[in-house]
Number of protein chains: 2
Amino acid sequence: MRIGDAAAAAGTTPRALRFYEANGLLPPPRRSGTGQRVYGARDVARLRVIRRLLSLGLTVADLRDCADRLDLVESEDLPGYGEPGACANPGGVAARRVATMNAEIDRLTELRDRLAAHLAGPGRGGG
Amino acid sequence: MRIGDAAAAAGTTPRALRFYEANGLLPPPRRSGTGQRVYGARDVARLRVIRRLLSLGLTVADLRDCADRLDLVESEDLPGYGEPGACANPGGVAARRVATMNAEIDRLTELRDRLAAHLAGPGRGGG
DNA sequence: CTTGCCTTTGACGCGCGGGTCAGGGTCTAC
DNA sequence: GTAGACCCTGACCCGCGCGTCAAAGGCAAG
């Protein structure tokens, strides 16, 4: 299975696969005699995990931090899969990401409130 | 008054002033015989308005969209200052920015909720 | 004049998740 | 053998708000 097929099977693009590989989310696959990347079903399963976690707001850096543990959840048949924290919380990266997102939400909310207050009357309320 | 003094008076840097000028937030100032930018008190007042609106979450593009109306509020002594919408809402840019920020807050909140749910148990709730 | 800070323009860096282009080589069907 | 789709690496591009570096010239004080 070449890169285009693997990408399509995981719902993404060849460019993304090379990007994940360059950033340590995907292990370098074996190559054909002419240098083309060759993937297997396990790679596709891992890719799907990566895509899901990215879509949940984890960053590439987050996933790189626990890339070794992504192996443990690359098959949905593994006994550990589905347990709390087994997938999204290897090493606490997901919990830290939730905290980061909360901080960002708070910051944005405060900014929005102040801007809205300014809209209502800039010179009177606060400043 | 040269660029460094104007920048210091407004609590920012020469680099920022050139950036604002290049992006249409500040009108091109007059130049000394040798090409150096020369600013006046009005420029500093306008700079302060720009800095305040940026700190409230408006973007450079927002301010460029109403750069002409920034003139109207560059002095706090002007009668219009302090009226609702006079400063932060020229043309509705601030209102649109609030809407954008709300959308961003909603998006982040939903992402965070889903990631938190994933943390609690990825394969069970809604997988 | 020299010293030393200030100014000028131009260009790159950053953090993120890839998209897109450029100029090749490879594979497959006919 | 040839057309067309695919793959390779390397490099630039996006938005944002400047920071930082580079080379060169200006300005005030001694």
Side-chain angles (χ1 to χ4, degrees), chain A residues 1-26 28-39 43 47-65 67 93 96-97 100-101 103-104 107-108 111 115, chain B residues 1-26 28-39 43 47-65 67 93 96-97 100-101 103-104 107-108 111 115:
Chain A
M1 176 176 229
R2 290 186 298 169
I3 196 172
D5 304 313
T12 182
T13 65
R15 178 68 182 90
L17 267 67
R18 297 190 195 102
F19 177 76
Y20 298 152
E21 180 183 337
N23 285 276
L25 306 194
L26 273 181
R30 62 191 178 86
R31 303 285 186 127
S32 74
T34 55
Q36 301 202 359
R37 292 172 177 82
V38 177
Y39 296 93
D43 297 307
L47 259 174
R48 280 200 246 258
V49 172
I50 290 172
R51 295 293 291 176
R52 182 151 32 96
L53 295 179
L54 283 179
S55 76
L56 284 170
L58 292 182
T59 70
V60 169
D62 289 336
L63 296 189
R64 183 173 42 221
D65 287 346
V93 288
R96 283 199 295 273
R97 178 57 48 189
T100 301
M101 292 167 81
E104 182 68 6
R107 195 185 63 83
L108 265 177
L111 266 182
L115 182 54
Chain B
M1 183 175 226
R2 290 188 296 170
I3 196 170
D5 305 313
T12 181
T13 66
R15 180 68 185 90
L17 267 67
R18 297 191 194 101
F19 177 76
Y20 298 152
E21 180 184 337
N23 284 274
L25 306 194
L26 274 181
R30 62 190 178 83
R31 302 287 186 123
S32 74
T34 55
Q36 300 202 357
R37 292 171 178 82
V38 178
Y39 297 92
D43 297 307
L47 260 174
R48 280 200 247 255
V49 172
I50 290 171
R51 296 291 293 176
R52 180 152 32 96
L53 295 180
L54 283 180
S55 76
L56 284 170
L58 291 182
T59 69
V60 168
D62 289 337
L63 296 188
R64 182 172 44 218
D65 287 346
V93 287
R96 283 198 294 273
R97 178 57 47 189
T100 301
M101 292 167 81
E104 183 67 5
R107 195 184 64 82
L108 266 178
L111 267 182
L115 183 53

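All chains are named by letter (A, B, ...) in the order of the sequence lines, taking the proteins before the strands, and each is independently numbered beginning at 1.
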> For A:T13, which residues count as a side chain to side chain donor-acceptor pair (under 3.5 Å) partner, sequence neighbours excluded?
Replying inline: none
> Considering heavy-atom distances to DNA chain C, does A:R51 or B:G4 have its closest nucleotide positioned more toward the 5' end?
Replying inline: B:G4
> With respect to A:R97, which candidate in A:L58, A:L56, A:L53 satisfies the side chain to side chain contact (heavy atoms under 4.5 Å, CB included) definition?
Replying inline: A:L58
>> Just to verify, what does A:A22 make a side chain to side chain contact (heavy atoms under 4.5 Å, CB included) with, not counting sequence neighbours?
In response: none
> Which atom names give the shortest non-hydrogen contact between A:L108 and B:M101, and what distance separates them?
Replying inline: O-CE, 3.8 Å
> On DNA chain D, which is the earliest and which the latest nucleotide, 5' to 3', with an atom closer than 4.0 Å to a heavy atom of chain B?
Replying inline: D:dG17 to D:dC27
> Among residues 31-39 of chain A, which residues get a heavy atom nearer than 4.0 Å to DNA chain D?
Replying inline: A:R31, A:G35, A:Q36, A:R37
>> Is there a side-chain contact between A:Y39 and A:L17 in this structure, where contact means two heavy atoms from C-beta onward sitting under 4.5 Å apart?
In response: yes
> Taking any atom under 4.0 angstrom from a heavy atom of chain A, which nucleotides of DNA chain C are the first and last to qualify, 5' to 3'?
Replying inline: C:dG17 to C:dC27
> What are the two closest heavy atoms between A:V38 and A:P29, and how far apart are they?
Replying inline: O-CB, 3.5 Å
> Taking only residues two or more places apart in sequence or in another chain, which ones pass side chain to side chain contact (heavy atoms under 4.5 Å, CB included) with A:L54?
Replying inline: A:Y20, A:I50, A:V60, A:L63
> Taking only residues two or more places apart in sequence, or in another chain, which ones meet B:R18 in a side chain to side chain contact (heavy atoms under 4.5 Å, CB included)?
Replying inline: B:I3, B:P14, B:R15, B:R37
> How sharply is the helix from C:dC1-D:dG30 to C:dC30-D:dG1 bent, taking the axes over five pairs at either end and rounding to 10 degrees?
Replying inline: 40°
> What residues, two or more places apart in sequence or in another chain, satisfy side chain to side chain donor-acceptor pair (under 3.5 Å) together with B:S55?
Replying inline: none
> In terms of heavy-atom contacts, does CZ of B:R31 have more than 12 from other residues, nucleotides or ligands at under 6.0 Å?
Replying inline: yes
> How would you list, by chain and number, every residue that makes a side chain to side chain donor-acceptor pair (under 3.5 Å) with B:T100, sequence neighbours excluded?
Replying inline: none
> With sequence neighbours excluded, what pairs up with B:A9 under the side chain to side chain contact (heavy atoms under 4.5 Å, CB included) test?
Replying inline: B:M1, B:V44
>> With the threshold set at under 4.0 Å for non-hydrogen atoms, list the residues of residues 7-15 of chain B touching DNA chain D in residue-number order.
In response: B:T13, B:R15
